[in-house]
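Throughout, a chain's letter reflects where its sequence line sits, starting with A, and its residues are numbered from 1.
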Amino acid sequence: MPELPEVETVVRGLRTVLPGRRIVSIRLGKTDFMDDPAILERHLPGQRIEAVERYGKFVLLRLVSATKAHGLQSDGRQRYSLLVHLGMTGNLSLRPAAEPLRPHTHACFALDDGRELRYTDPRRFGRVALLSEDALGSVLGKLGLDPLETSLADFRQRFAGRRAMVKALLLNQSVLRGLGNIYADESLWRARIHPARHASTLAPRQVSLLYRSIRRVLSDAIRLGGSSISDFVDAGGLPGEFQLRHRAYGREGKGCFRCGARIRRILVAGRSSHFCPRCQRAPRRKH
DNA sequence: CGTTGAACCTGTTTGC
DNA sequence: TGCAAACAGGTTCAAC
């Protein structure tokens, strides 16, 4: 579910409500996917949410201790950020505190306005962590470029000399941050590049087409509120609409929107990869 | 470096 | 119908 456009959609929804709110108490369910639940319980109550940000596929709540009169950590205590990764099935939503919990709700953060920020995640592939500035920096520092905030020149540089298959590179968060299986396939379809092409064999023209395709696909998807394949909903519970615009992902056996050939699905980099065998020519086999 | 497969965990869909 | 296998938006680690 959650790739860059879905996470951005969630963040935008949270941003309309959370900044300025104080976390008054928390309740945790299963905690095996959290870095350190005890730290959450000890330090989260009493924090005020200053800002909501997205970094790649991570949601970031910037916090400041609400016990101090002016919000500045004048006592020299650490500033914390709550880091949330939605994994495959994670969901953040804002609900009235009195509303019954949905199944698989593993964290409830009660706010000072009577609402709760709730984290739900059936598979528990997500991540929840309360991190100091330093710890946060070391997590985010491993990530690559944000495709929407990157120049063509920098994008090129990231691909230069890489022999890996282009699909593997697009999914690698230390190269680009935010793409996942859906948007990698959609971008490659748009750029007419086969997922198993080795990056170093792409012509400069193709690299720039890929760059533009990624940005177009991601910004269109953000505009439509992300893709809802089976269960993605935004912070208010509404589904996205970009799944109606998918051209490759999930369309195995159906006609290519450009040429009519049947979309195929193969395994590349260990992931299902959907592509048009006519528009996206297979790389010449090295012998 | 790059690739592959397994692992983490639960729910849904597909196939015999 | 029923049950097992396959599959799912992600990431990490070991082994080669």
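- Stacking of A:R251 on the aromatic ring of A:W189 is not recorded, the 6.0 Å distance cut-off and the 45° axial limit not both being met.
- A:N172 places its CG atom 9 Å from the P atom of B:dG2, with the value rounded to the nearest Å.
- A:T89 and A:R123 are not linked by any side-chain donor-acceptor pair at a separation below 3.5 angstrom, with hydrogens and angles left out of the test.
- For B:dC1 and C:dG10, the C1' atoms lie 22 Å apart once the distance is rounded to whole Å.
- The nearest whole Å value for the distance from the CZ atom in A:R177 to the P atom in C:dG10 is 17 Å.
- Under the 3.5 Å distance criterion, with hydrogens and angles disregarded, no donor-acceptor pair is assigned to the side chains of A:S132 and A:D134.
- One finds the CG atom of A:D234 at 12.0 Å from the CZ atom of A:R12 (value rounded to the nearest 0.5 Å).
- Aromatic rings from A:Y119 and A:H106 are positioned such that their centres are separated by 6.0 Å or more.
- A cation-pi arrangement, defined by a distance under 6.0 Å to the six-membered ring centre and an angle within 45 degrees of its axis, is present between A:R177 and A:Y55.
- Among residues two or more places apart in sequence or in another chain, the side chain to side chain donor-acceptor pair (under 3.5 Å) test is passed with A:N181 by A:K167.
- Regarding A:H246, its NE2 atom lies at a distance of 14 Å from the C1' atom of C:dA8, rounded to whole Å.
- Residue-level contact check: A:S174 touches neither bases nor backbone, having no heavy atom under 4.0 Å from any strand.
- Proximity of A:H85 to the phosphate of C:dG10: no side-chain N or O atom is located under 4.0 Å from OP1 or OP2.
- For A:Q173, a side-chain nitrogen or oxygen approaches OP1 or OP2 of C:dT11 to under 4.0 Å.
- Residue contacts for A:G180: at a heavy-atom cut-off of 4.0 Å it reaches the sugar-phosphate backbone alone, with no base atom in range.
- With C:dG10, B:dT3, C:dA8 as the candidates, the nucleotide lying closest to the side chain of A:N181 is C:dG10.
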Nucleotides 7-12 of chain B: protein proximity per nucleotide (B base, S sugar-phosphate only, - neither; heavy atom, under 4.0 Å): -BBBS-

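- A sub-4.0 Å separation between OP1 or OP2 of C:dG10 and a side-chain N or O of A:R271 is present.
- For A:F33 and C:dG10, the CZ to C1' distance is 14 Å, given to the nearest whole Å.
- The nearest whole Å value for the distance from the CG atom in A:L169 to the P atom in B:dT3 is 9 Å.
- Remark: P of B:dC1 and CZ of A:R162 are 6 Å apart, rounded to the nearest angstrom.
- Separation of the A:F242 and A:Y249 ring centroids does not fall under the 6.0 Å cut-off.
- Side-chain contact of A:R197 with A:T201: a donor-acceptor pair under 3.5 Å is present, judged by distance alone.
- Atom CD of A:E252 is separated from atom C1' of C:dC7 by 12 Å (rounded to the nearest Å).
- Atom CZ in A:R251 sits roughly 19 Å away from atom C1' in C:dA8 (whole-Å rounding).
- A sub-4.0 Å separation between OP1 or OP2 of C:dT11 and a side-chain N or O of A:K57 is present.
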Let me have DNA chain C in dot-bracket notation, would you? Count Watson-Crick plus G-U wobble pairs, both distances under 3.5 Å, and use [ ] for pairs crossing earlier ones and | for inter-strand partners. .|||||||.|||||||

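- Taking the ring axis of A:F257 as reference, the NZ or CZ atom of A:R247 stays within 45° of it and closer than 6.0 Å to the ring centre.
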